[in-house]
Number of protein chains: 2
Amino acid sequence: MRVAELSRRTGVAVPTIKYYLREGLLPPGELTSPNQARYSEEHVRRLKLVRALLDVGGLSVAAVREVLDTMANDDKSMFNVLGKVQHNLAGQLAATEGERQETASRIAHELIERHGWQIKPGSPPLASLITALATLIELHGEDLLELLDAYADASERVAEFDIEYTRRGADRADAVERMVIGTVVGDAILSALRRLAHENEAARRLTGG
Amino acid sequence: MRVAELSRRTGVAVPTIKYYLREGLLPPGELTSPNQARYSEEHVRRLKLVRALLDVGGLSVAAVREVLDTMANDDKSMFNVLGKVQHNLAGQLAATEGERQETASRIAHELIERHGWQIKPGSPPLASLITALATLIELHGEDLLELLDAYADASERVAEFDIEYTRRGADRADAVERMVIGTVVGDAILSALRRLAHENEAARRLTGG
């Protein structure tokens with residue numbers, strides 16, 4: 001298909017498609033003349049993935065490129081590819097320093113140990129967790145920390161479903177794509193559902209007495 | 001305290017504090033001379049909240065100002081204030097159009113009905129949920145939708161703890177602040193925990209056979 005058809009199929013404007021091509025988010029089409037290229041179903045699929053990562057996931061163009069590069073890497077074991085993609089999707093929060101960071105780090109490691117989780121040192125979401133916990137302690141003492149185990153239990157259950165869904169992929173490329181989509185779009189869905197559940201819980205408590 | 005002390009106590013640079021004052025994110029200090037103002041513990045607390053919303057929550061300066069304005073509004077009932085603050089925190093995703101959006105809307109409403117949730121029409125997280133579901137359907141058909149009930153169950157359990165924590169506030173202002181912090185920092189914590197749980201679940205399945 002021509003670029004106009006690719007645009008029509010995906011709802012992405014032609015200048016935007018050309019920008020993604022220049023930025024390497026989309027592989028070049030097959031040249032049919034010096035100024036015209038032909039695009040495939042693979043481009044439709046890739047373009048939809050790029051839009052999901054940018055719009056729903058809120059990733060930067062550079063972060064999307066890194067995720068796509070890692071997804072394309074066939075040299076690594078499946079586990080390594082999944083790990084590296086997750087690494088790029090982590091959206092790691094900047095670390096702070098000082099006493100609160102140390103307290104937060106201790107609390108995070110105790111939580112992981114209590115739940116028996118196998119986590120590599122230097123895991124990016126672990127660093128994000130520690131920073132978020134440090135912010136919480138800074139703002140409100142350690143009061144909210146008793147919610148942590150409930151949060152961890154909920155995350156555990158959700159993760160089992162997520163991994164099951166990833167494993168259902170037709171092949172390795174499909175499995176990696178499922179994980180990327182599940183992580184990014186799944187975050188948006190969970191965030192929306194948690195807010196809806198807040199609204200319901202508040203309404204229930206107010207009307208129920 | 002002087003602005004230098006406020007900066008030292010919070011780790012926020014003096015020019016940044018002045019920017020927040022100009023943007024209305026921080027109430028003015030008490031003038032002690034035409035060029036000097038005195039700041040209180042209230043400023044320390046507010047400044048930490050502003051940083052959490054900007055850094056951990058990723059909110060824009062305009063969104064933070066709206067949240068703070070709503071928090072300060074004493075005319076409204078507690079329920080209205082909580083609702084409006086949640087409204088501003090929703091980070092609503094832009095709606096898309098077409099058939100997939102309609103399918104996503106139907107799926108979202110059926111989910112809410114199945115779980116017996118009381119949700120007002122026009123709820124911003126409902127709109128975000130519908131857009132995220134439409135993205136998912138666009139990318140991968142309706143395959144992942146069977147995860148939705150597990151996600152909703154997990155959100156329900158988390159929300160019960162969240163609301164309980166909010167209600168423990170010393171007064172109305174404290175309760176609203178707890179909700180703001182719990183929502184924004186809680187999202188960051190849940191996102192990190194879900195990724196850690198993915199890492200653990202993948203490791204467990206690989207090592208466990």
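Labels below follow one simple rule: chain letters A, B, ... track the order of the sequence lines, proteins then strands, and each chain is numbered from 1.
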(message) I'd like to know if the side chain of B/S155 and the backbone of B/Y151 have a donor-acceptor N/O pair within less than 3.5 Å.
(response) yes
(message) Taking every non-hydrogen pair under 4.5 Å, which of B/I119, B/V158, B/V185 racks up the most with chain A?
(response) B/I119
(request) May I ask you to decide if A/T183's main-chain N or O and B/R194's side chain share a donor-acceptor pair within less than 3.5 Å? (result) yes
(message) Looking only at heavy atoms and a cut-off of under 4.5 Å, which of A/I189, A/L148, A/I112 has the most pairs with chain B?
(response) A/I189
(message) Ring-plane angle category for A/H43 and A/Y39, please: parallel below 30°, perpendicular beyond 60°, tilted otherwise.
(response) perpendicular
(request) Tell me, yes or no, whether the heavy-atom count around A/Y165 atom OH, taken from other residues, nucleotides or ligands under 6.0 Å, exceeds 12. (result) yes
(request) Would you mind telling me which of A/L133, A/V44, A/L49, A/D187 has the largest number of heavy-atom pairs within less than 4.5 Å of chain B? (result) A/D187
(message) Quick check on the interface: out of B/A152, B/A150, B/A197, B/A154, who has the most heavy-atom pairs with chain A under 4.5 Å?
(response) B/A197
